[in-house]
Amino acid sequence: MNQTGDSTCDGYNKVKEDFELLKELKVSHYRFSLSWPRIIPTGIQAEGINEKGIKYYNDLINILLQNKITPLVTLYHWDLPQKLQGRYGGWQNISMVTYFNDYANLCFERFGDRVKHWITFNCPWSVAVHGYETGKHAPGMKLMGTGAYKAAHHMIKAHAQVWHSYNKNWRIKQQGMVGISLTTEWGEPVDISNQKDIEAADRFIQFHLGWFANTLYNGDYPQIMKELIGQKSAHQGLRVSRLPTFTSQEKSYIKGTVDFLGIGHFTTRYITSRNYPSTHSPSFYTDRDLTELVDPRWPEPESNWLCSVPWGFRRLLNYVKTHYGNPMVFVTENGASEKMQCVELCDEWRIQYLKGYINEMLKAMKDGANVQGYTAWSLMDMFEWDDGFSERSGLFYVEFQNKNKSRYPKASVPFFKRIIAANGFPNPREVENWQRKSIETCSTMNQLLAAEEQRNTAANILRLIHDPLTTHMEMVTEIVVPTVFTICILISAVLLMILLRRQS
């Protein structure tokens, strides 16, 4: 793919412009992530603080509050300072706990007088599994069977230390809360009458959500994780489990360090039992002894990982209510992405997805789930990690090829705006009317965007004409001269043939 995030939606220079998008939606909350290296470039506070980064986030927080929008601020969304990875091995090293705590306390000091909702980690599961097991995400390490567990162990300790730091030094003064955001799929047994499938589905949840949630709420890893990984480790000839352990003191220190729980959710999987023998190469995935399946009838966009299964969301929220004491929940990520080869603003797929998932969330709230807020993923298209620009998750389309990174509302914008204004769904007929009007609006926007693209194409041609002489000489040498030479030969051949015919 060879794409980078060096130039994406340019949010750094478009704070005021992007804020207008939030005003258009009339949101009450906005979740965004701080960048550790933007605030502390090396990750080590003693080596220097970037005051420009501090100012940027101060300006963003202030403009939100001035317009009565509550910021939910994430401290870590996968961007570890490179120096900490290079020098210490990142989250494989226990020293990250101290460095992360220093960073968090700096943020509490500089922003905590205004920020009242702090999220330590966004989806630590992905950091651990895809960063240190599969190598799919940065830092790209493939430490099969050990790397994910070790990284998660240190992130859990880091979260707990930050919570205690806030509790001891900042809570009375700032009156805020510290939580964590855990992204998880729902696992449904393939056969609800088959005990093995039921147990496999529970293992799926425990290895995904429970890995972190059970530890933070109850002080230790889920029992099934300790048993399975311990048994497989012993059969593999290891003297200790590949899953690290907490001391009794650490368990007490970690337990209860969650003021609220962020839940990210996108899709569901059917789960069936599968026994991986201990002779199999150790890995996080084989430790679970299960297989994930999808129903071919579930609708999906070109993003083949994301099937729309709204009923799974309700079951997940009720599971959280039942197993973790009905905590205060903020839905921190929920939405759909699609792969697009051309410009398409009429994202009817996303409208159907949001309608289904938000409706199931409202049902869970009627069931008694303590959901206090919902944030859609995401406000606008951006660089989607290992998928680069090939997937688009935004409510607003971003024209990445345009120097100005222009934003255009997709059909889901007026639809989502109406959900916010109504605080839900009034009646089916009115919701259908919302959808129809949203699609009509996007058709007009598509025409405007197409005209804009034509203007950009013309501008690129003019820019090419006025490029420096050297660029044109290269073009003349590499393209024009050979083409003209070939045409001249063809013309000469044709003239010669005509002349020979006349002579004959």
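Just so you know, these numbers come straight off a predicted model, no measurement behind them.
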Evaluation steps, salt bridge (Lys or Arg N to Asp or Glu O under 4.0 Å), between Arg407 and Asp18
CA-CA 9 Å; Arg407 284 90 156 109; Asp18 290 341; 2.8 Å; yes
Determine whether Tyr285 and Val129 satisfy the following criterion, side chain to side chain contact (heavy atoms under 4.5 Å, CB included), listing intermediate values before the conclusion.
CA-CA 9 Å; Tyr285 288 101; Val129 174; 3.5 Å; yes
Stepwise salt bridge (Lys or Arg N to Asp or Glu O under 4.0 Å) check, Glu338 with Arg350
CA-CA 9 Å; Glu338 71 280 320; Arg350 183 172 284 104; 2.8 Å; yes
Can you list the steps and then say if Cys107 with Leu34 is a side chain to side chain contact (heavy atoms under 4.5 Å, CB included)?
CA-CA 9 Å; Cys107 294; Leu34 304 177; 3.6 Å; yes
Derivation and outcome, ring-ring contact (aromatic ring centres under 6.0 Å, His included), residues His159 and Phe212
CA-CA 10 Å; His159 165 88; Phe212 297 90; 9.8 Å; no
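Residues Asn122 and Glu333 bring a donor and an acceptor atom of their side chains to less than 3.5 Å of each other. No hydrogens or angles considered: a donor-acceptor pair under 3.5 Å links the side chains of Arg31 and Thr74. When only modelled atom types and interatomic distance are considered, Tyr221 and Asn214 share no side-chain donor-acceptor pair under 3.5 Å. Of the N and O atoms on the side chains of Asp10 and Asn13, at least one donor lies less than 3.5 Å from an acceptor on the other residue. Judged purely by distance below 3.5 Å, without hydrogens or angles, the side chains of Thr134 and His130 pair a donor atom with an acceptor atom. Looking at Gln372 and Asn370, their side chains do bring a donor and an acceptor atom within 3.5 Å of each other.
A distance-only check finds no donor-acceptor pair linking the side chain of Ser393 to the backbone of Ser378 [under 3.5 Å]. Side-chain atoms of Lys116 come within 3.5 Å of backbone atoms of Asp113 as a donor-acceptor pair (strictly under, hydrogens ignored). Without hydrogens or angle criteria, Gln174 side chain to Phe108 main chain gives a donor-acceptor distance under 3.5 Å.
Atom CD of Gln92 and atom NZ of Lys150 lie 5.5 Å apart (nearest 0.5 Å). A distance of 9.5 Å separates CD1 in Ile49 from CD1 in Ile39, rounded to the nearest 0.5 Å. Between Lys55 atom NZ and Leu60 atom CG the span is 11.5 Å, to the nearest 0.5 Å. Summarising the geometry, atom OG belonging to Ser406 is positioned 5.5 Å from atom CD belonging to Glu399; distances are rounded to the nearest 0.5 Å. With rounding to the nearest 0.5 angstrom, the SG atom of Cys9 is 9.0 Å from the NZ atom of Lys405.
The shortest side-chain heavy-atom distance between Leu84 and Trp36 falls under the 4.5 Å cut-off. Looking at heavy atoms from C-beta onward, Leu75 lies out of side-chain contact with Phe121 at the 4.5 angstrom threshold. Between Val309 and Trp311 there is a side-chain heavy-atom pair separated by less than 4.5 Å. For the pair Tyr76/Thr120, no side-chain contact is recorded, criterion being any heavy-atom separation below 4.5 Å from C-beta on. Ile263 is not listed as a side-chain neighbour of Asn334, based on a closest heavy-atom distance of 4.5 Å or more. Counting heavy atoms from C-beta on, the side chains of Thr70 and Ser28 never come closer than 4.5 Å. By the 4.5 Å heavy-atom criterion applied to side chains, Val371 and Met361 are counted as neighbours. At a threshold of 4.5 Å between non-hydrogen side-chain atoms, the residues Ile119 and Phe260 count as touching.
Applying the salt bridge (Lys or Arg N to Asp or Glu O under 4.0 Å) test to every pair with at least one member in residues 33-52, sequence neighbours left out, gives these pairs: Glu47-Lys83, Glu47-Arg87, Glu51-Arg110. Applying the side-chain hydrogen bond (donor to acceptor under 3.5 Å, both in side chains) test to every pair with at least one member in residues 415-425, sequence neighbours left out, gives no pairs at all. Among pairs with a residue in residues 9-32, those fulfilling ring-ring contact (aromatic ring centres under 6.0 Å, His included) read Tyr12-Tyr56, at least two apart in sequence or across chains. Residue pairs meeting the salt bridge (Lys or Arg N to Asp or Glu O under 4.0 Å) criterion with at least one partner in residues 161-171, sequence neighbours excluded, are Arg171-Asp259. The salt bridge (Lys or Arg N to Asp or Glu O under 4.0 Å) analysis of residues 305-314, with sequence neighbours excluded, yields the pairs Arg314-Asp367.
The aromatic ring centroids of Trp91 and His153 lie 6.0 Å or more from each other. Outside the 6.0 Å centre-distance limit, the rings of Phe266 and Trp186 are not counted as a close aromatic pair.
Between Tyr217 and Tyr324, the ring planes are parallel. Angles under 30° get that label, and only those over 60° would be called perpendicular. Using the six-membered ring where Trp is involved, Tyr357 and Tyr353 have ring planes that are parallel, under 30° apart on the 30 and 60° scheme. Classification of the Tyr397-Tyr408 ring pair by plane angle, with boundaries at 30° and 60°, yields tilted. In this structure, Tyr149 and Trp211 have perpendicular ring planes: the angle between them is above 60°, well past the 30° mark. Using cut-offs of 30° and 60° on the angle between ring planes, the pair Phe111 and Tyr57 is perpendicular. In this structure, His265 and Phe313 have parallel ring planes: the angle between them is below the 30° cut-off, well short of the 60° mark.
Salt bridge status for Asp381 with Lys410: present, with a side-chain N to carboxylate O gap under 4.0 Å. At a threshold of 4.0 Å, the pair Lys437-Glu440 does not count as salt-bridged, since none of the basic side-chain nitrogens sits closer than that to a carboxylate oxygen. Look at Glu250 and Lys157 and you find a salt bridge, because one of the NZ, NE, NH1 or NH2 atoms lies within 4.0 Å of a carboxylate O, short of that distance.
Here the closest heavy-atom approach between residue Phe416 and residue Leu395 is recorded as CD2-CD1, 3.7 Å. When all heavy atoms are compared, the tightest approach of Ser438 to Phe415 is OG-N, 3.3 Å. Here the closest non-hydrogen pair linking Ile420 and Leu25 is CD1-O, 3.5 Å. Looking at every heavy atom in both residues, Pro81 comes nearest to Pro41 through CB-O, 3.7 Å. Ile40 and Gly48 make their closest contact through CG2-O, 3.6 Å (heavy atoms, listed as atom of the first residue, atom of the second, distance). Closest non-hydrogen pair, Gly264 versus Thr332, comes out as N-OG1, 3.8 Å.
Applying the 6.0 Å contact sphere to NZ of Lys142 captures no more than 12 heavy atoms from other residues, nucleotides or ligands. Under a cut-off of 6.0 angstrom, the local environment of NZ in Lys363 is crowded, with over 12 non-hydrogen atoms contributed by other residues, nucleotides or ligands.
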Which pairs of donor and acceptor atoms, one on a side chain in residues 94-102, lie under 3.5 Å apart (sequence neighbours left out)?
| residue | atom | partner | partner atom | Å |
| --- | --- | --- | --- | --- |
| Ser95 | OG | Asn93 | OD1 | 2.9 |
| Tyr99 | OH | Tyr88 | OH | 3.0 |
| Asn101 | OD1 | Asn105 | ND2 | 3.3 |
| Asn101 | OD1 | Ser165 | OG | 2.8 |
| Asn101 | ND2 | Ser165 | OG | 3.4 |

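Of the candidates Leu209, Thr184, Leu182, Val320 forms a side chain to side chain contact (heavy atoms under 4.5 Å, CB included) with just one, namely Leu209.
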